Structures are given as structure tokens and as C-alpha cells.
Amino acid sequence: MEILNKKLLILPIFLCLLTSCIGELDFTGFIRSTDRIEDRYEKSMKWNETNPFKVIDVLQDNYQLLISSDLHIGKTKNYELFLERGLKPDITAMVFIGDIVTGKEEDYDSFNDLLPDFNIKPYFAITGNHELYFDGWKHFYRLFGSSIFYFSVKTPNEEDLYICLDSGSGTLGKSQMKWLKNLLESERNKYNNCVVFTHDNFFRDRNTESTNPPVNELLILVDLFEQYKVNMVIMGHDHKRAFNQLGNTEYIILDALRTDNPNASYMILKRTNLGYKHEFVKI
């Protein structure tokens, strides 16, 4: 009887929280994305047909990328500090690896309004699960187009490949997995280094029920990354920095950059003649 009473007590508390926070939370998106990965794949591929993949030319073999995850705009204080660093001449491009916003149109616009001109400072964004809440994918597509793409950085002597994946639904899906495998098979050997960006992380120090990746998919991905000598996989989602090494591939989870995170940081990825180094900058 005592257990039953506790359960009955939980229900009104939950309903109270739901109604008081209804403007801030999308509970359908918390459990599953309301936009399907196969639909986003098709739209992304159509976008890619008319928007060629970017090649960034640099004048030296050493260069740096600035990378952030989990900004969760609304508040823009940490985002503005990130942009201030990103606009420095030693940074080649900026990469945002998901949960930039909560899916609301006004938050997308707040993010986009502060971005520099792409030709002044290249930037790339991929979806996390929060980009899809509140029917947010349509706003992502309006502003950024494809959520599945790659770009490269070309130095005087070599060229490096950067693959950007859509894991906002917690799975890459059948079509995106096939696209990734074909890309690695046909293009990987043309590049010196290869780095993969994806929001949903593979290894967890903090468990969450939101968009967990299927184990069978992870096994395929880990095998692909080892087979095709992917140097590094950079992820977010768990809001807590972590490092893992499987074979020759390093897996890095970033801290959340959101303004209310006391451990907020971003990463500088440094490409040198000896490979990659990384540095975390705490805000």
C-alpha cells in the first residue's frame, strides 16, 4: 500500500512539472526524434547535390580547428567567447557538433545572427538531439542545409578529410551508414588524416535515456574506423569530457559549452606534421 501511495504521489508531481515547463521542454523529442533520420538523409543528399563539399586551403602544414558541443542557446555568453577565439587568425575553421540550440526557431536565429561570414571564417554545424525538438530540423535546414557532409583542409603538401554525421536521432540509419562506408572506401585513401564529428557519443561516463546509440551500429562503426584508419572521432552529448582509444582511433567527448555549465570548455584541434594534438580551453 505504501508503494502504491508513492506512485500515486509521483503522477501529480510529474504533471505539475510538465505543465510548468511546457514552453521549455519537448518530451516527445526527449525519448525519440520527431524527425526521422532517413528523411533528413534524403534532404541532406539533395542539398549536397547543389552545394559542393568545401575545400579550405591553408598556406602552411600546421593549422587549428576550434570545436564546441552542447551550447544549448538561449544564453549566448559562452558562445560569444567561443566566437571571439574562433575569429583569431590562427584558427582555420569552427565546428559545432550538435545541441547548439533546443530546437526553437528564436534560438536558431540567435545562434545564426552572431555567426561570421563563411568566407571570412568557415564554420560547420551538425545536429544533436536537441536540434530536432520543437520541429527544429526545418530551422536547421533553412539556415545550414545538409546535416550529413564532409569538408577538407588542404595544406601545401597534404589534405585532411573531416566527416560530419547526423546522430540526432540516436542512430545513423541505414542510408547514412551506407553513405559513410562508401565514402571511406572511395575517398579515405586520398587524404592524409581523417577525423569524424558526431554528436551522440560512443562511450558513456554519464548515463542518459536520450537518443542512446544502438550497440550493433556502434560495433560496425568502430570496425569501420579501425579499418579505414580514422585518426579521431570527436563527440558531445554527455556534457563531460572523456577519452578512449580503440586501435589507432582516439575517441574524445567534449564538455558542454552551455553558459550555465561550471566546467564549460571548448577544444582546439591542432594539426601538425606529427599528427593531431588537442587542447581544452575552460571558460
Side-chain angles (χ1 to χ4, degrees), residues 17-18 21-37 39-41 43-44 67-80 82-83 94-115 123-149 164-173 176 197-202 204-213 234-242 253-261 263-267 283:
L17 289 172
L18 176 60
C21 301
I22 197 69
E24 299 300 324
L25 298 176
D26 178 357
F27 285 91
T28 61
F30 181 76
I31 302 301
R32 58 173 176 79
S33 165
T34 53
D35 291 277
R36 296 295 181 262
I37 181 57
D39 294 336
R40 299 199 303 276
Y41 173 83
K43 291 179 180 177
S44 292
I67 307 164
S68 70
S69 183
D70 297 275
L71 280 158
H72 292 274
I73 293 170
K75 296 178 181 178
T76 62
K77 178 183 175 182
N78 286 359
Y79 174 41
E80 291 180 56
F82 177 84
L83 291 177
M94 298 180 291
V95 186
F96 303 89
I97 61 170
D99 280 9
I100 303 162
V101 299
T102 58
K104 294 182 179 180
E105 183 175 10
E106 60 266 30
D107 294 337
Y108 269 110
D109 290 335
S110 295
F111 174 75
N112 186 61
D113 288 346
L114 292 172
L115 282 172
Y123 56 84
F124 302 92
I126 60 175
T127 58
N129 49 299
H130 280 270
E131 269 69 54
L132 310 179
Y133 297 177
F134 302 103
D135 199 22
W137 159 250
K138 66 184 180 184
H139 306 306
F140 183 97
Y141 191 78
R142 169 175 59 88
L143 294 172
F144 308 114
S146 178
S147 61
I148 303 165
F149 58 94
C164 297
L165 301 177
D166 182 337
S167 59
S169 297
T171 174
L172 299 189
Q176 186 176 192
F197 298 113
T198 185
H199 177 71
D200 210 1
N201 52 281
F202 293 4
R204 294 186 184 278
D205 289 335
R206 180 183 71 88
N207 292 319
T208 173
E209 297 305 318
S210 176
T211 58
N212 288 322
I234 301 176
M235 305 161 286
H237 191 53
D238 256 10
H239 293 198
K240 183 178 180 181
R241 191 185 315 175
I253 301 172
L254 303 190
D255 294 318
L257 191 59
R258 61 186 298 166
T259 296
D260 61 357
N261 179 16
N263 297 311
S265 75
Y266 55 82
M267 188 174 84
I283 292 181

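It should be emphasised that the depicted structure is a prediction, and the values quoted were computed from it without experimental measurement.
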Open item on the list: Can you tell me how far apart CG (Leu172) and OG1 (Thr198) are? Round to the nearest 0.5 Å.
Closed with: 6.0 Å

- [ ] With sequence neighbours left out, write down each residue that passes salt bridge (charged side-chain N to carboxylate O under 4.0 Å, His left out) with Asp255, or none if nothing qualifies.
- [x] Arg241

TODO: Dump the intermediate steps for side chain to side chain contact (heavy atoms under 4.5 Å, CB included) on Asn129 and Asp200, then the final yes or no.
DONE: CA-CA 8 Å; Asn129 49 299; Asp200 210 1; over 6 Å; no

Task: Spatial distance of atom CD (Glu106) from atom CG (Asp113) [nearest 0.5 Å] - done: 12.0 Å

TODO: Give a yes or no on whether the backbone of Ile253 and the side-chain of Asn201 come within a donor-acceptor separation of less than 3.5 Å.
DONE: no

TODO: Identify the two heavy atoms, one from Gly98 and one from Ser69, that lie closest to each other, and give their separation to 0.1 Å.
DONE: O-OG, 3.8 Å

Task: From Arg258 atom CZ to His239 atom NE2, the distance as rounded to the nearest 0.5 Å - done: 6.0 Å

Task: Side-chain donor-acceptor contact under 3.5 Å, Ser169 with Arg40 - done: yes

Open item on the list: Please identify which of these residues, Leu132, Val101, Thr127, meets the side chain to side chain contact (heavy atoms under 4.5 Å, CB included) condition with Phe140.
Closed with: Thr127

Open item on the list: Is there a side-chain contact between Phe197 and Ile67 in this structure, where contact means two heavy atoms from C-beta onward sitting under 4.5 Å apart?
Closed with: yes

- [ ] Using a 4.5 Å cut-off on heavy atoms from C-beta on, say whether the side chain of Thr259 contacts that of Tyr79.
- [x] no

Open item on the list: I'd like to check Phe111 versus Phe144 (side-chain heavy atoms, cut-off strictly below 4.5 Å). Are they in contact?
Closed with: yes

- [ ] State, with a plain yes or no, whether a side-chain heavy atom of Phe82 is found less than 4.5 Å away from one of Asn78.
- [x] no

Open item on the list: Using only atom types and a distance under 3.5 Å, with no angle test, would you say the side chain of Glu131 pairs donor to acceptor with the backbone of Ile100?
Closed with: yes

Task: Under-4.0 Å salt bridge between Arg142 and Asp109 - done: yes

Open item on the list: Do Asp260 and His72 make a side-chain contact, defined as non-hydrogen atoms from C-beta onward lying under 4.5 Å apart?
Closed with: no

Task: Inter-residue atom distance Ser167.OG - Phe202.CZ, 0.5 Å rounding - done: 8.0 Å

Task: Residue list, ring-ring contact (aromatic ring centres under 6.0 Å, His included) with Tyr108, at least two apart or on another chain - done: His139

Task: Asp70 side-chain N/O to Asp99 backbone N/O, donor-acceptor pair under 3.5 Å - done: no

